[in-house]
2 protein chains.
Amino acid sequence: MSDLTDLPSPVPPSVTAAWIGLMRAQRIVLAAIEADLKAAGLPPLGWYDVLLELARATEGRLRPFEIEKRTLLTQYNLSRLIDRLEGKGLVQKALSGEDGRGRWVVITQDGRAMQARMWAVYSRALSDHVGRKLDESSADALASLLAKLTDGG
Amino acid sequence: MSDLTDLPSPVPPSVTAAWIGLMRAQRIVLAAIEADLKAAGLPPLGWYDVLLELARATEGRLRPFEIEKRTLLTQYNLSRLIDRLEGKGLVQKALSGEDGRGRWVVITQDGRAMQARMWAVYSRALSDHVGRKLDESSADALASLLAKLTDGG
DNA sequence: GCGACATAGATGCAATAGCATGTACCTGCT
DNA sequence: AGCAGGTACATGCTATTGCATCTATGTCGC
């Protein structure tokens with residue numbers, strides 16, 4: 001009886017190494033950053049992503065489906081994340097005039113303050129866990145290699 | 001009142017770009033691979049990681065804490081994942097003679113078969129979502145840049 | 001051998017993610 | 001206008017995760 005695991009893989013070792021490295025690096029760095037946020041008594045990174053998009057948007061507001069595209073959050077997770085943000089007073093929901101199906105999610109002053117407080121910790125964590133390990137040209141090179149993975153096709 | 005978000009970030013743009021690229025690439029590729037597994041009626045990637053480690057281990061068995069180190073799973077998640085694997089007959093738990101606290105997790109024949117079935121799909125997905133987008137030298141370069149992020153310090 | 005502390009693993013409970021579906025509204029066709 | 005289908009968002013239910021803690025055993029110093 002042959003064992004498929006013994007057959008030579010059609011996947012070049014460099015490709016598996018890249019993939020495993022991608023998973024490991026993302027998990028390890030993300031865990032480190034989340035730990036720093038938690039140690040500072042701040043909410044998880046997902047909150048930051050939403051707050052940042054809102055803070056950058058004109059009039060500090062976006063439709064949920066716009067946030068969804070920008071953040072890669074799923075529709076149902078975003079729906080509930082917005083509820084939590086609203087529960088903490090960081091955003092408000094408003095009815096959309098133009099589209100009766102839609103809602104606006106509007107960032108509050110507390111929301112902007114939270115985004116800034118989180119960035120203070122987040123940016124330090126980024127410097128620490130990414131910047132300290134890659135010089136700028138390596139970081140550029142990494143970013144452009146990663147972009148190849150997500151570009152269309 | 002100053003707004004921290006307007007202060008120049010201490011983080012170089014290349015570093016943020018690398019980090020955002022890392023998050024995006026990992027999420028997108030992982031989601032694509034998980035989708036392929038699911039479409040084939042197979043369990044998620046976490047199962048594969050554990051089964052592969054067991055399949056590679058001598059006598060097809062490892063202690064939970066050994067699996068934990070190899071996979072980056074947390075202790076409590078692994079404990080429950082093993083329960084699920086056992087529930088499907090893919091592994092068995094056995095008492096450890098040497099260390100009364102310990103258990104052995106032993107892969108079954110069904111477990112080996114599942115690992116092989118998953119690899120068939122997984123390897124195709126890897127070729128498709130990673131190999132097809134990176135030539136081998138790019139993949140090597142990516143792997144070594146990523147390694148810098150996880151190396152000590 | 002006993003007590004203090006560490007390690008291996010399990011587990012109750014609360015929070016979050018995933019899935020399927022529901023509701024409301026929109027758009028386009030007839 | 002009326003219906004078919006699509007989009008935007010919410011939600012009930014289940015599965016998984018995270019956290020804190022528990023049990024059991026091991027190790028070390030005395």
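Here is how names work: the chains are called A, B, and so on, in the same order as the sequence lines, proteins then strands, and each is numbered from 1.
Summarising the geometry, the separation between CD on A/Glu98 and C1' on C/dC26 is reported as 13 Å, rounded to the nearest angstrom. For the pair A/Leu95 CG and D/dA10 P, the interatomic distance rounds to 11 Å; values are reported in whole Å. Between the CD1 atom of A/Ile67 and the C1' atom of D/dA10 there is a distance of 15 Å, rounded to whole Å. Between the CG atom of B/Leu81 and the P atom of D/dG18 there is a distance of 13 Å, given to the nearest Å. Between A/Leu73 atom CG and C/dT16 atom P the separation is 13 Å, expressed in whole Å. Here the C1' atom of nucleotide D/dA10 and the CD atom of A/Glu86 are 13 Å apart, to the nearest Å. For the pair B/Leu72 CG and D/dT17 P, the computed distance is 14 Å after rounding to whole Å.
Residues B/Arg117 and B/Val121 form no side-chain contact, since every pair of their non-hydrogen atoms from C-beta on lies 4.5 Å or further apart. B/Leu72 has its side chain within reach of A/Arg24: a pair of non-hydrogen atoms, C-beta onward, lies under 4.5 Å apart.
Surrounding CD of A/Glu68 are more than 12 heavy atoms belonging to other residues, nucleotides or ligands, all under 6.0 Å away.
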Please tabulate, for the side chains in residues 137-148 of chain B, all donor-acceptor contacts under 3.5 angstrom to protein atoms that are two or more places apart in sequence or on a different chain.
from, atom 1, to, atom 2, distance (Å)
B/Ser137, OG, B/Asp135, OD1, 3.3
B/Ser138, OG, A/Lys148, NZ, 3.3
B/Ser138, OG, B/Asp135, OD1, 2.9
B/Ser144, OG, B/Ala141, O, 3.2
B/Lys148, NZ, A/Ser138, OG, 3.3

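For the pair A/Asn77 and C/dG18, the criterion of a side-chain N or O lying under 4.0 Å from OP1 or OP2 is met.
Between A/Trp47 and A/Gly100, the residue anchored nearer the 5' end of DNA chain C, judged by the nucleotide with its closest heavy atom, is A/Trp47.
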**Request:** Take nucleotides 6-14 of chain C nucleotide by nucleotide from the 5' end and write B, S or -, depending on whether a protein heavy atom sits under 4.0 Å from the base, only from the sugar-phosphate, or from neither.
**Result:** -BSBBBBB-
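Judged by distance alone, the side chain of B/Glu34 and the main-chain N or O of B/Pro44 form no donor-acceptor pair under 3.5 Å.
Scanning for salt bridge (Lys or Arg N to Asp or Glu O under 4.0 Å) contacts around B/Glu86 gives B/Lys93, with sequence neighbours left out.
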